[in-house]
Amino acid sequence: MEVATPVWSAHATVDRHIDSFAAGEGWLQTSPEFAMKRLLCAGSGPIYQICPVFRREESGRHHNPEFTMLEWYRPGFDHHRLMDEVEALLHAVGAPAQRYERLDYREAFLRHAGLDPFAASLASLRAAARFDGDAGTQAEERDFWLDLIMSATVGPALGRDAPVFLYDFPASQAALARVSEGRARRFELFWKGIELANGFHELADADEQRRRFEADQAWRRANGRLVPPYDRHLIAALAHGLPECAGVALGLDRLLMLLRGLPDVAATMAFAGDRA
Amino acid sequence: MASVSTNEMKAGTKLLIDGEPYSVIDNEYRKPGKGQATNTIKIRNLKNGRVLERTLKSGDTLEVADIEEIEMQYLYNDGEFWHFMNPASFEQIQAGKTASEDAAKWIKGEETCRVLLFNGVAISVTPPNTVTLQITETDPGLRGDTSGGGGKPATLETGAVVRVPLFVQQGEMIKCDTRTGEYLSRVGK
């Protein structure tokens, strides 16, 4: 079923590295995920929508502060079944018609950065990161260094010929995904080194979700970032019950850019951020 | 001192890093969907031309270098310094060997050059794109040669050596492109 949820909300994401635009007494959505998970809790069954999302400070060749997301949820699926469906969708829109490799997060780092992201020492992560700035309060965080290695080394090497699914991330990077055996059950889709989609085997535990939101808020406070209120309606809905499901968000601007061989996401938009 | 954030750095932004002046060539924003955003800037050292890359956290700031580019007239070389004058203010500055050596072989006096000042000190001199200079020394060309062929070296009055067609003779004035170091044409008296 196609759904439409509000672009504006009294709550916002508290993700450590995603900043929302404040709009009046509330916020513009950075993703429709909270509202769509609330619909799933209310018994919607499988749902999808195409909607604008907004992220502050994100601007570059592959980023625009406003972009278009296709997001959908499948009750009864885990993230592996959802990868199959994402692959089928890409085949249908003209991406390479073949089986896409499923690459474990650890395997991707071993192959492209020559290190084990779970076992390597902090010092060797730092040495591999090619970073010249001041890490500041994040100097001791493994995720900070893993992110840098991902965006400078591993990510650009993924999906050179055909799209690749990267899956089972560190538990510390779980976001809204469930965690088991120390791994976040989520995936990302890469094509030509560009991240196109992000999918979760969705976390259904209300208490765990609230703890993550609060930990993210505490991190933001400690790092001098804006601390928006998290979506308490989502916590209430999860407490009511979320069906076992998987969900994915796919950036349509980037997909169009790659399918048409365009130089940047701005080329897919009538008026990109600097002229909007 | 003024500073500039990574998301304001554009091609041409002048930065001060480790006491050295740099100009931004390119700035690439990267961000894992759920992770730390970075900017990788490609920068050119304005003193020695070397290009390097620096990866910073998005939102970090760097100091802006005090860089000024002025059109100045070349006056003379005193053996150690090259002297230039601002034709608007008549203010004179001197540029040392490191700043001047690339330009020096193309200028003899009165040319308008672009002088880059870092904290008020000249760090590089760019000569006009084309200059007209006299050939002080070249081998006599072969009769009947028109153009094309291999050419021959010719030394100009400023010391520059350029390849010229065989028919071009010692004592003639020629026009050269200072960016490529190539002969363009003969210039009639």
- Heavy-atom proximity to chain B below 4.5 Å, by part of A:Ser151: both
- Item | chain B contact via A:Leu148 - which portion, at a heavy-atom distance below 4.5 Å | side chain
- Message: Heavy-atom pairs under 4.5 Å with chain B - which of A:Arg61, A:His63, A:His62, A:Met150 has more of them than the others?
- Response: A:His63
- Close side-chain approach of B:Lys31 and A:His17, heavy atoms under 4.5 Å: yes
- Message: Need one label for A:Ala249: side chain, backbone, both or neither, based on atoms under 4.5 Å from any heavy atom in chain B.
- Response: neither
- Message: Taking side chain as everything from C-beta outward and backbone as N, CA, C, O, which of these in A:Glu58 sits under 4.5 Å from a heavy atom of chain B? Side chain, backbone, both or neither.
- Response: both
- Across all chains, not counting sequence neighbours, the side chain to side chain contact (heavy atoms under 4.5 Å, CB included) partners of A:Ala177 are A:Arg186, A:Phe200
- For the atom pair CZ (B:Arg30) and CD (A:Glu195), what is the distance rounded to the nearest 0.5 Å? 14.0 Å
- Query: Which one, A:Gly155, A:Ala135, A:Ala175, A:Gly136, leads in non-hydrogen pairs under 4.5 Å with chain B?
  - Reply: A:Ala135
- Measure the CG-CG distance between A:Asp132 and B:Asp18 for me, rounded to the nearest 0.5 Å. 10.0 Å
- Search all heavy atoms of A:Asn198 against all heavy atoms of B:Lys34 and return the closest pair with its distance. ND2-CE, 3.1 Å
- Taking all atoms of both residues into account, what is the closest heavy-atom pair of B:Gln36 and A:Asp147, and its distance? N-OD2, 2.9 Å
- When rounded to the nearest 0.5 angstrom, what distance separates CD in A:Glu57 from OG1 in B:Thr6? 8.0 Å
- Message: Is A:Arg16 close to chain B through its backbone or its side chain, or both, or neither, when contacts mean heavy atoms under 4.5 Å?
- Response: neither
- Sequence neighbours excluded, which residues qualify as side chain to side chain donor-acceptor pair (under 3.5 Å) partners of B:Thr158? none
- Looking only at A:Ser59, A:Ala129, A:Ala152, most heavy-atom pairs under 4.5 Å shared with chain B are made by A:Ser59
